[in-house]
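The first residue of the sequence shown is numbered 1, and numbering continues consecutively from there. Only heavy atoms go into these numbers, but all of them, side chains included; no hydrogens, no water, no symmetry mates.
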Amino acid sequence: MARSGVCAPARLARVASDHHGDIAMSAKTKPDPSTDVLKRHAALVEEACRRIEAALQAPSLDELASTACLSPHHFHRVFKAVIGLTPKAYADAHRANAVRARLATGSGSVTDAIFDAGYNANSRFYEQADAMLGMQPRQYRAGGMDARIMFAVGQCSLGAILVACSDKGVCAIALGDDADALLHELQDRFPCAELVGGDTAFERLVARVVGLIEVPNIGIDLPLDVRGTAFQQRVWQALRQIPAGQTASYAQIAEAIGSPRSVRAVAAACAANTLAVAIPCHRVVRSDGALSGYRWGVARKRELLEREAQLRNPDSPQTRA
């Protein structure tokens, strides 16, 4: 097997050709070797990701490393540095997404969906199914059939708010301009679930959620039903460690979870968050401090941050502006 740094000339020529436009420099400028290495690693990892996605059975580490002309150990480190996940974890995440997509169509059996996604045994899938789907696979396939989700919609200082809760905890907190639109979004996520209007006890839970918006430094610990990949859950857990009144950059979150080169993946995990405020993705900003996108609107993100800053430092002229 080829070792790290040893690659067939044709392979080197192809990599150089593929990325000639990205790294072309003036003849007067000396190339930066470190930049060239990073670009080459990114290209190799991107190719490995496409191989994983196209394969019925996930390629082994040895197979991926051989194609990249790296040793297995070196390839493993390079892949994780670029993506933020190991090759196995990436393959697992891809298979999980494939199962979700197949189950969501409602066609075929759960077993068909599991094997079509590349799992070689039902047991491997069912070990992860609860955290991955938040319900039994047959329920997910049926659009949440037999799942009971309690919800309430109302108004807060940021507009309309929807709070939904499964038997495991709060599974959705959404903000918007139109309460009906928020409810339709919930129905689209769980088209066959039993959506039940909240009772008095649930209304108290909703009041606690609204409290997080109006007085964000009260620090209420809500029971959450968090559904996502292992990487997303690592990011979301890191977000919950950011105190009210403070912010962190996407790069800092990537560093905090031990994947410093996974800035884009961190941003994607923030965008996938469906629990506004409880998982405070609004506290993540660009490295220069500028606000970036927010699932529920940049204006709401700005308002939340200004409100939290005011509570943290009420005498600051900036927070009063």
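A donor-acceptor contact shorter than 3.5 Å is absent between the side chain of Trp236 and the backbone of Cys281. Gln232 places no side-chain N or O within donor-acceptor distance of the main-chain N or O of Ala269, the cut-off being under 3.5 Å. Side chain of Gln252 to backbone of Ser249: a donor-acceptor contact under 3.5 angstrom is found. Within the 3.5 Å criterion, the main-chain N or O of Ile149 finds no donor-acceptor partner in the side chain of Glu194. Side chain of Ser71 to main chain of His74: a donor-acceptor pair is present (N/O by atom type, distance under 3.5 Å, no hydrogens or angles).
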>> Please evaluate residues Arg51 and Glu63 with respect to the criterion salt bridge (Lys or Arg N to Asp or Glu O under 4.0 Å), reporting the C-alpha separation (whole Å), side-chain torsions for both, the decisive distance (0.1 Å), and the verdict.
In response: CA-CA 10 Å; Arg51 284 199 66 200; Glu63 291 171 336; 5.2 Å; no

> Going through the distances and angles, do Thr247 and Ile242 end up as a side chain to side chain contact (heavy atoms under 4.5 Å, CB included)?
Replying inline: CA-CA 7 Å; Thr247 60; Ile242 306 173; 5.7 Å; no

> Does the side chain to side chain contact (heavy atoms under 4.5 Å, CB included) test come out yes or no for Val277 and Val209, once each step is laid out?
Replying inline: CA-CA 8 Å; Val277 186; Val209 175; over 6 Å; no

>> For a side chain to side chain contact (heavy atoms under 4.5 Å, CB included) check, start with the C-alpha distance between Ile161 and Gln155, then their side-chain angles and the critical distance, and finish with the verdict.
In response: CA-CA 6 Å; Ile161 183 172; Gln155 292 291 320; 6.0 Å; no

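Separation of atoms CZ (Arg307) and NE2 (His282) is listed at 10.0 Å; rounding is to 0.5 Å. Taken from CG in Leu64 to CZ in Phe75, the straight-line distance is 4.5 Å, to the nearest 0.5 Å. Leu162 CG to His184 NE2: the interatomic distance, rounded to the nearest 0.5 Å, is 11.5 Å. Once rounded to the nearest 0.5 Å, the distance linking CG of Leu224 with CD1 of Ile279 reads 6.0 Å. Here Arg77 contributes atom CZ and His41 contributes atom NE2; the two are 9.0 Å apart, rounded to the nearest 0.5 Å.
Of all non-hydrogen atoms in Gln233 and Gly228, the two that sit nearest each other are NE2-O, 3.1 Å. Minimum heavy-atom separation, Gly169 to Asp225: O-CB, 3.6 Å. Nearest heavy atoms, Gly293 versus Tyr250: O-OH, 4.2 Å. In terms of heavy atoms, Phe202 sits closest to Phe151 at CE2-C, 3.5 Å. Minimum heavy-atom separation, Cys171 to Arg189: O-NH1, 3.6 Å. Between Ala68 and Leu44, the shortest heavy-atom contact is O-CD1, 3.9 Å.
Under the 30°/60° scheme for interplanar angles, the aromatic rings of Tyr294 and Trp296 are found to stand perpendicular.
The same ILVMFWY cluster, assembled from side-chain heavy atoms under 4.5 Å apart, contains both Leu70 and Leu61. Note on Val263: it clusters hydrophobically with Ile257, by side-chain heavy-atom contacts below 4.5 Å among ILVMFWY residues. When hydrophobic clusters are built by joining Ile, Leu, Val, Met, Phe, Trp and Tyr residues whose side-chain heavy atoms come closer than 4.5 Å, directly or via intermediates, Val285 is grouped together with Val298. Follow the hydrophobic side-chain contacts under 4.5 Å out from Leu305 and you never reach Ile213; the two are in separate clusters. Hydrophobic clustering (side-chain heavy atoms under 4.5 Å, transitive across Ile, Leu, Val, Met, Phe, Trp, Tyr) keeps Leu291 apart from Val284.
Contact check for Tyr90 versus Phe231: no side-chain heavy atoms found under the 4.5 Å cut-off. At a threshold of 4.5 Å between non-hydrogen side-chain atoms, the residues Val163 and Val153 do not count as touching. Proximity of Met150 to Asp167: side-chain heavy atoms (C-beta onward) are nowhere separated by under 4.5 Å. Residues Ser66 and Asp62 fail the side-chain proximity criterion, which asks for heavy atoms closer than 4.5 Å. Between Leu275 and Val226, the closest side-chain pair of non-hydrogen atoms falls below 4.5 Å. With contacts defined as side-chain heavy-atom distances shorter than 4.5 Å, the pair Cys270/Leu239 qualifies.
Remark: Lys80 NZ is loosely packed, at most 12 non-hydrogen atoms of other residues, nucleotides or ligands lying under 6.0 Å away.
Using modelled atom types, one finds no donor on one side chain facing an acceptor on the other under 3.5 Å when comparing Thr67 with Glu47. Arg148 and Ser166 share no donor-acceptor pair across their side chains, judged by distance under 3.5 Å alone.
The pair Glu308-Arg283 meets the salt-bridge criterion, since a charged nitrogen lies less than 4.0 angstrom from a carboxylate oxygen.
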Could you list the donor-acceptor pairs under 3.5 angstrom formed between side-chain atoms of residues 175-182 and any protein atom two or more places apart in sequence or on another chain?
{"from": "Asp177", "atom 1": "OD1", "to": "Arg300", "atom 2": "NH2", "distance (Å)": "2.7"}
{"from": "Asp178", "atom 1": "OD1", "to": "Asp180", "atom 2": "N", "distance (Å)": "2.9"}

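Under the salt bridge (charged side-chain N to carboxylate O under 4.0 Å, His left out) criterion, Arg295 pairs with Glu185, sequence neighbours left out.
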